[in-house]
Amino acid sequence: AVGAGAGGTRTVNLRAGGAGLYFHIGETEKRCFIEEIPDETMVIGNYRTQLWDKQSESFLPSTPGLGMHVEVKDPDGKVVLSRQYGSEGRFTFTSHTPGEHQICLHSNSTRMALFAGGKLYREERFRMTSESTNQRVLWWSIAQTIILILTGIWQMRHLKSFFEAKKLV
């Protein structure tokens, strides 16, 4: 079973024969393992993806868009299998070369990716609006300061000329 946590953690359970393999995969994490496989052997992997809820400390039901990408390479590095799968299922491949095969799994969580993409877009737009507003406030305060200084200079000259005309200075 492969599970994903609400905090971005996935648990993986692969069963081969009677043995099982469980591990956690983060949203963007890729996990690979190496298996010695004889020539012309059919390998079947069953898997399930689940979200892990940290608050209730339990698995949530699988949701649409949550799944796995499975990639298998033979001992020569040739790709034997590279395919997207749903949240639960089975992958199969036949080895044509004896030796160590690399089996890699990673999330294809389009739902999470779309959510993250939309969130990043909103954050960027908000940042740009904030920077624009900050720039306008800065220029407005500079303009106010200049106007205040010019008004003070004008008042001092006006008062000086007034007192000189009245011959008080």
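Every value quoted in this text rests on a predicted model; they were computed, and no experiment measured them.
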Close side-chain approach of [X] to [Y], heavy-atom, < 4.5 Å:
X     : Y      : answer
Glu35 : Gln102 : no
Glu40 : Thr94  : yes
Phe93 : Ile103 : yes
Leu81 : Val70  : yes

> Apart from Ile34 itself, what residues make up its hydrophobic cluster, given side-chain heavy atom links below 4.5 Å?
Replying inline: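 When side chains under 4.5 Å apart are linked, Ile34 ends up in no cluster with other residues.
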
>> Once rounded to the nearest 0.5 Å, what's the spacing between atom CZ of Arg136 and atom CD of Glu131?
In response: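 Output value for this atom pair is 12.5 Å.
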
>> Rounded to the nearest 0.5 Å, what separates atom CH2 in Trp139 from atom CD in Gln135?
In response: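 CD of Gln135 is found 7.0 Å from CH2 of Trp139.
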
> Under a single-linkage definition using a 4.5 Å side-chain heavy-atom cutoff for Ile, Leu, Val, Met, Phe, Trp and Tyr, are Phe163 and Trp154 assigned to the same hydrophobic cluster?
Replying inline: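 No, Phe163 and Trp154 fall in different hydrophobic clusters.
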
> Has the side chain of His101 got a donor or acceptor atom that lies under 3.5 Å from a matching backbone atom of Gly99?
Replying inline: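 Yes; at least one donor-acceptor contact below 3.5 Å.
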
>> Main chain of Arg125, side chain of Thr129: is a donor-acceptor contact present, judged purely on distance under 3.5 Å?
In response: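 Confirmed, Thr129 side chain pairs with Arg125 backbone.
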
Show me the donor-acceptor pairs, under 3.5 Å and distance only, between side chains in residues 141-149 and residues at least two apart or in other chains.
| residue | atom | partner | partner atom | Å |
| --- | --- | --- | --- | --- |
| Ser141 | OG | Val137 | O | 3.3 |
| Ser141 | OG | Leu138 | O | 2.8 |
| Thr145 | OG1 | Ser141 | O | 2.8 |

Indicate the atoms forming the closest heavy-atom contact of [X] with [Y], along with that distance.
X     : Y     : value
His96 : Asp39 : O-OD1, 2.9 Å
Ser95 : Ile37 : OG-CG2, 3.4 Å
Pro38 : Glu36 : CD-O, 4.2 Å

>> Applying side-chain hydrogen bond (donor to acceptor under 3.5 Å, both in side chains) as the test, list every pair that has at least one member in residues 72-83; sequence neighbours left out.
In response: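 Pairs touching residues 72-83 that pass the test: His69-Ser82.
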
>> Taking CD in Gln55 as the centre, count heavy atoms belonging to other residues, nucleotides or ligands within less than 6.0 Å. Is the count above 12?
In response: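 No, not enclosed.
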
> So does Arg127 have more than 12 non-hydrogen atoms from other groups sitting under 6.0 Å from CZ?
Replying inline: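 Enclosed: over 12 neighbouring heavy atoms sit under 6.0 Å from CZ of Arg127.
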
>> side-chain contact (heavy atoms from CB on, under 4.5 Å), that's the test. Do Ser161 and Arg157 meet it? Break it down for me.
In response: CA-CA 6 Å; Ser161 65; Arg157 286 188 175 197; over 6 Å; no

